[in-house]
Student: 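Mind looking over this structure? Questions follow.
Atoms considered below: every heavy atom in the structure, side chains included; atoms not considered: hydrogens, waters and symmetry mates. Indexing begins at 1, ligand by ligand and atom by atom, following the structure's order.
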Amino acid sequence: MTLNPNPTVKPLVTGFFDPATNTISYVVQDPASPACAIIDSVMDIDYAAGRITYTHADAMIAHVRDHGLTLEWLIETHVHADHLSAAPYIQNALGGQIGIGRAITVVQDTFGKVFNEGTEFQRDGSQFDRLFDDGDTYTVGQMTCVALHTPGHTPACMTHLIGDAAFVGDTLFMPDGGSARADFPGGDAGQLYDSIQRVLALPDQTRLFMCHDYGPGGRDIAYETTVAEEKAHNIHITGKTREEFVALRTARDATLAMPKLIIPSLQVNMRGGELPPPDKDGKRYLKVPINGL
Ligand SMILES: [Fe+2]
């Protein structure tokens, strides 16, 4: 059972949908002060052209400024494999601390090897301002927030509980979307099932905010649901045993292609959203490991 310090506080949550990657980034605002947090920001990339831009992040920065908010935290629910984080870019504009789960070090070790990053790439999580352990708390204005370790999709995944809202990362999708894949290095379908059960043990009325939505069946994009809705209707979870979920998840993962942006995403996100350091010519490059993933 998770102890939620502010179960009745209702933060104001604004979602920013990125159609290029089907990611939803959030501004989460304390109702009692100007303080806010940003969850899972996105940096735009035209990978074919090697071009980085900041349209999505600039929209979030403008929202924070226009509403007179103070940014206290930039939270990464995990090391995303399908989009690049804009956390350092936003931090540079608005301040705040960048936080991720402690197991980022495991992810850095795995992908530091995949991308042959050498000893100059630190694998201790030092690119982030804060590494969360399970149950750690932090504040956004007058709200005390809780980080819950919910691995399975990746080893470092965390769900962030802020008032009556939980930001589940890629633990769950909307009920008609089911769950996220568990076949990346360090992923584990059984662990994912256990993590989902942990989220579903939160009170029924808890608002759940997704990191992704793909509009299954052609429905409009949606990203907010509740524990009660997920318990009653999730197509991968409801009425399924752990064994059934693992079999379903494993069979489905075997059919999925790699995310289009996995190669640039991992190289940037394992660095806390920073591009790789400049080469001898002063320019920055991304690598493509041949048959490395
Ligand atoms: Fe993910």
Student: Near the Fe ion (ligand 1), which protein N/O/S atoms fall under 2.8 Å?
Tutor: H78 NE2, H153 NE2, D170 OD2
Student: List the atom pairs, with distances to 0.1 Å, where a side-chain N or O of residues 6-17 and a protein N or O form a donor-acceptor pair under 3.5 Å, not counting sequence neighbours.
Tutor:
{"unit_1": "N6", "atom_1": "OD1", "unit_2": "T144", "atom_2": "N", "d": "2.7"}
{"unit_1": "K10", "atom_1": "NZ", "unit_2": "D164", "atom_2": "OD2", "d": "3.3"}

Student: Between R271 and E117 (salt bridge meaning N to carboxylate O under 4.0 Å), is one present in this structure?
Tutor: yes
Student: Looking at F132 versus W73, is the centre-to-centre ring distance below 6.0 Å?
Tutor: yes
Student: With a sphere of 6.0 Å drawn around NZ of K287, does it hold more than 12 non-hydrogen atoms of other residues, nucleotides or ligands?
Tutor: yes
Student: Side chains of residues 46-59: which donor-acceptor pairs under 3.5 Å do they make with residues two or more places apart or in other chains?
Tutor:
{"unit_1": "D46", "atom_1": "OD1", "unit_2": "A48", "atom_2": "N", "d": "3.4"}
{"unit_1": "D46", "atom_1": "OD1", "unit_2": "A49", "atom_2": "N", "d": "3.3"}
{"unit_1": "H56", "atom_1": "NE2", "unit_2": "S25", "atom_2": "OG", "d": "3.1"}
{"unit_1": "D58", "atom_1": "OD1", "unit_2": "Y89", "atom_2": "OH", "d": "2.6"}

Student: For residues 60-70, which residue pairs pass the side-chain hydrogen bond (donor to acceptor under 3.5 Å, both in side chains) check, not counting sequence neighbours?
Tutor: none
